[in-house]
Trainee: 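Would you mind keeping the following structure in view while I ask a few things?
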Amino acid sequence: MLKLRSLTFSYRADGRQFTLKTSSSAENRRVSVCILSDEERFDVRLALRTPVEITHLSAEFEYRFDEDMRIFLNGYQSWTDSREYSINETMRGIDHIPAPIREKYAFASYGDYRITEYSRKKGCLHGFSYGYIRNRDDEYQLIASLGEDDGFTVIKTDTAAGTITAEKDCSGYIAEKSYRGLSLYIGKGTEDEVFDRYFELLGIPAPAADRIWGYTSWYRHYQNISRDTIAEDLNGFEGCENAMDVFQIDDGYQTAVGDWLSVDKTKFPDPMEVLSGMIKNAGMTPGIWIAPFVCEEKSQLFREKKDWLVCTDDGDPIKCGGNWSGFYALDIYNKEVQRYIAEVFDNAVNIWGFGLLKLDFLYAACIRPPKNKTRGMVMRDAMELLREYSYGAKILGCGVPLASAFGRVDYCRIGTDVSLDWDDKPYMQLMHRERPSTKNTVLNSVFRRQLNGRAFISDPDVFLLRDNDTTMTRRQRQLLCEVNALCGGVLFTSDDNAGYGEWQQSMIGEMKRLQNAKIISAGLYNGTLVLTIELDGRVITRAYEHGQSNNTSK
Ligand code: 9PG
């Protein structure tokens with residue numbers, strides 16, 4: 001167990017602000033703070049005599065960092081870049097982006113930029129829900145929350161000060177009688193030991209879903225899909241050796257984001273059930289993309305249902321990002337919103353006949369929690385709603401705070417979008433941590449690999465093998481393929497299968513081989529990604545040129 005330095009609990013009551021700082025259980029006439037800890041657990045329970053507004057709750061532990069250690073702190077949601085850091089690095093937020101641009105596209109909404117601070121001090125790093133420190137002998141010190149449904153946990157390091165802090169994301173939450181504050185598993189051991197124990201304590205059994213191969217329209221056509229592109233892409237798979245399990249139609253079929261019952265007839269003149277029928281005839285499960293908690297400014301929903309939106313105190317809808325015409329969150333506690341989502345899913349599954357729902361931009365649900373809920377509580381309720389309304393279809397979660405998706409979705413995206421360039425366009429590199437980038441998503445796949453087969457089946461986003469329409473070198477595409485096969489269970493592409501040549505086929509063969517391999521050690525050392533894998537009883541180490549520097553030796 002890590003040594004507790006201090007626990008800080010601040011709250012507002014009777015219009016005044018109070019702070020309690022302690023290193024053991026304590027109480028006063030309003031509140032009682034109970035600390036329960038043993039070799040592997042650290043729990044904080046609050047009991048309140050009168051309702052209080054919590055403004056801060058955190059526990060600071062002592063930890064001795066050394067130069068060789070690597071720190072992983074899980075990023076806010078699916079797309080947030082997440083990798084191991086050396087002890088002298090910093091994390092970049094969005095302060096470097098000019099304010100007018102930041103605001104126009106609501107960059108702060110994509111991630112944790114309004115939730116936690118980005119420090120410029122070396123070694124001051126942070127993440128959500130779980131994180132670890134790995135030493136040179138591949139021993140893991142895992143700090144992982146068992147209570148994200150009560151509120152998210154921000155895990156912070158200050159390597160120079162020698163501290164790890166776990167802070168509950170519950171500021172502004174009004175607690176009535178009691179609150180399950182921090183609930184941590186703090187375990188030390190091998191990678192498998194600590195992660196197995198984490199999911200055992202969470203009570204999440206190994207996922208039932210299997211690995212799937214598939215096609216998604218997004219990274220070939222983006223929003224420019226139509227009956228004809230779908231038919232053409234389907235034809236590409238006819239009689240081919242790369243049998244796919246799923247064929248998923250992505251963004252672009254609807255008249256506007258939010259108007260899920262309204263199909264763009266100019267692109268899709270036939271009813272959607274005709275398309276799903278074609279997919280089924282080709283022997284695949286049809287999948288469809290929906291962003292159930294948001295609507296864009298140009299949607300009918302946004303124009304007509306203002307009272308369905310999550311708003312500021314002044315009654316202005318909260319912008320959740322700049323995609324499409326800019327988009328806003330629906331209030332999941334509004335009964336009409338719930339009925340609408342149920343109807344949309346009923347339509348997609350039972351009328352249109354889709355067996356897989358790719359549910360995207362889910363983080364928007366908790367963009368502003370009501371006073372009696374934390375973000376973690378809202379996200380739990382939101383995810384439960386999706387499961388309840390899915391009519392037996394499989395769910396692929398995307399753009400979601402991961403811990404809220406643990407055990408609640410079949411498949412889950414664990415990284416940002418693959419781009420057609422290794423690191424997207426230079427101006428895009430200035431954006432937030434959630435921006436499309438193959439370079440980033442490859443690292444997410446590697447450093448979140450422990451979730452695959454424990455929390456859900458991981459979706460590392462597509463692999464791309466095509467030679468045209470990309471600036472990625474073959475080696476970069478090969479790295480993407482190999483990492484996806486090693487770390488993920490959703491093996492989707494957006495390539496035109498008919499265009500595959502010898503090199504592409506040999507890469508598919510390699511991916512199939514690597515599906516049975518296991519990474520036993522991984523690290524990023526001065527721009528090189530080093531993976532040690534076990535395959536058919538043999539241990540092989542592969543080094544890949546990646547380009548991400550983490551300014552250390554080893
Ligand atoms: C459809 C797409 C695809 C894709 C999803 C999601 O941060 N960003 O600017 C950002 C843009 C697009 C995006 C994710 C993040 O893509 O991940 O697979 O379904 O929506 O619009």
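Computation of the quantities below employed the complete heavy-atom set of this structure, encompassing side-chain atoms and omitting hydrogens, waters and symmetry-equivalent molecules. The model shown is predicted, which means the values in this text are computed figures rather than measured ones. We count ligands from 1, going down the list as the structure has it; atoms in each ligand are counted the same way.
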Trainee: Who passes side chain to side chain donor-acceptor pair (under 3.5 Å) against Y389, sequence neighbours left out?
Mentor: none

Trainee: Over 60° means perpendicular and under 30° means parallel, so tell me whether H126 and Y118 are parallel, tilted or perpendicular.
Mentor: perpendicular

Trainee: Identify which of V257, D360, T216 has a heavy atom lying nearest to atom 5 (C) of ligand 1.
Mentor: D360

Trainee: Looking only at protein heavy atoms, identify the closest one to atom 7 (O) of ligand 1 and say how far it is in Å.
Mentor: H432 CE1, 3.0 Å

Trainee: Under 6.0 Å between the ring centres of Y76 and Y110?
Mentor: no

Trainee: Just let me know how S78 lines up against ligand 1, side chain, backbone, both or neither, with a heavy-atom cut-off below 4.0 Å.
Mentor: neither

Trainee: For the residue pair K306 and F302, would you count it as a cation-pi contact if the rule is NZ or CZ under 6.0 angstrom from the ring centre and within 45 degrees of the ring axis?
Mentor: yes

Trainee: Is the charged tip of R70 near the ring of F72: under 6.0 Å from the six-membered ring centre and within 45° of its axis?
Mentor: no

Trainee: Using a cut-off of 6.0 Å, state whether more than 12 heavy atoms not belonging to E304 lie near its atom CD.
Mentor: yes

Trainee: Please confirm whether the ring centroid of W324 lies under 6.0 Å from the ring centroid of F361.
Mentor: yes

Trainee: Can you tell me which residue and heavy atom of the protein come closest to atom 4 (C) of ligand 1, and the distance to 0.1 Å?
Mentor: D417 OD2, 3.2 Å

Trainee: Between Y105 and ligand 1, which residue portion shows a heavy-atom distance shorter than 4.0 Å: side chain, backbone, both, or neither?
Mentor: neither

Trainee: Report, in ascending order of atom number, the atoms of ligand 1 lying under 4.0 Å from any heavy atom of R413.
Mentor: 17 (O), 18 (O)

Trainee: For atom 10 (C) of ligand 1, find the nearest protein heavy atom and state the residue, atom name and distance (0.1 Å precision).
Mentor: N323 ND2, 4.0 Å

Trainee: If I take atom CD1 from residue I71 and atom OG1 from residue T157, how far apart are they, to the nearest 0.5 angstrom?
Mentor: 4.5 Å

Trainee: I need the atoms of ligand 1 closer than 4.0 Å to a non-hydrogen atom of K358, numbered in the order shown.
Mentor: 3 (C), 4 (C), 18 (O), 19 (O)

Trainee: May I ask you to list the atoms of ligand 1 that are less than 4.0 angstrom from any heavy atom of W324?
Mentor: 21 (O)

Trainee: Describe, in one word, how the ring planes of F406 and Y198 are oriented to each other, choosing from parallel (under 30°), tilted (30 to 60°) and perpendicular (over 60°).
Mentor: perpendicular

Trainee: Which residue supplies the protein heavy atom nearest to atom 19 (O) of ligand 1, what is that atom called, and how far is it?
Mentor: D250 OD1, 2.7 Å

Trainee: For Q223 and ligand 1, answer yes if some heavy atom of the residue is under 4.0 Å from a ligand atom, otherwise no.
Mentor: no

Trainee: D251 to ligand 1: N or O pair under 3.5 Å?
Mentor: yes

Trainee: Looking only at protein heavy atoms, which one is nearest to atom 2 (C) of ligand 1, and what is the separation?
Mentor: W218 CE2, 3.6 Å

Trainee: Name the one of W289, F354, F345, W352 that satisfies ring-ring contact (aromatic ring centres under 6.0 Å, His included) with W260?
Mentor: W289

Trainee: May I ask you to check whether Y110 has an N/O atom sitting below 3.5 Å from an N/O atom of ligand 1?
Mentor: no

Trainee: Looking only at heavy atoms, is any part of Y219 under 4.0 Å from ligand 1, and if so is it the side chain, the backbone, or both, or is it neither?
Mentor: side chain

Trainee: In ligand 1, which numbered atoms sit nearer than 4.0 Å to a non-hydrogen atom of C398?
Mentor: 17 (O)

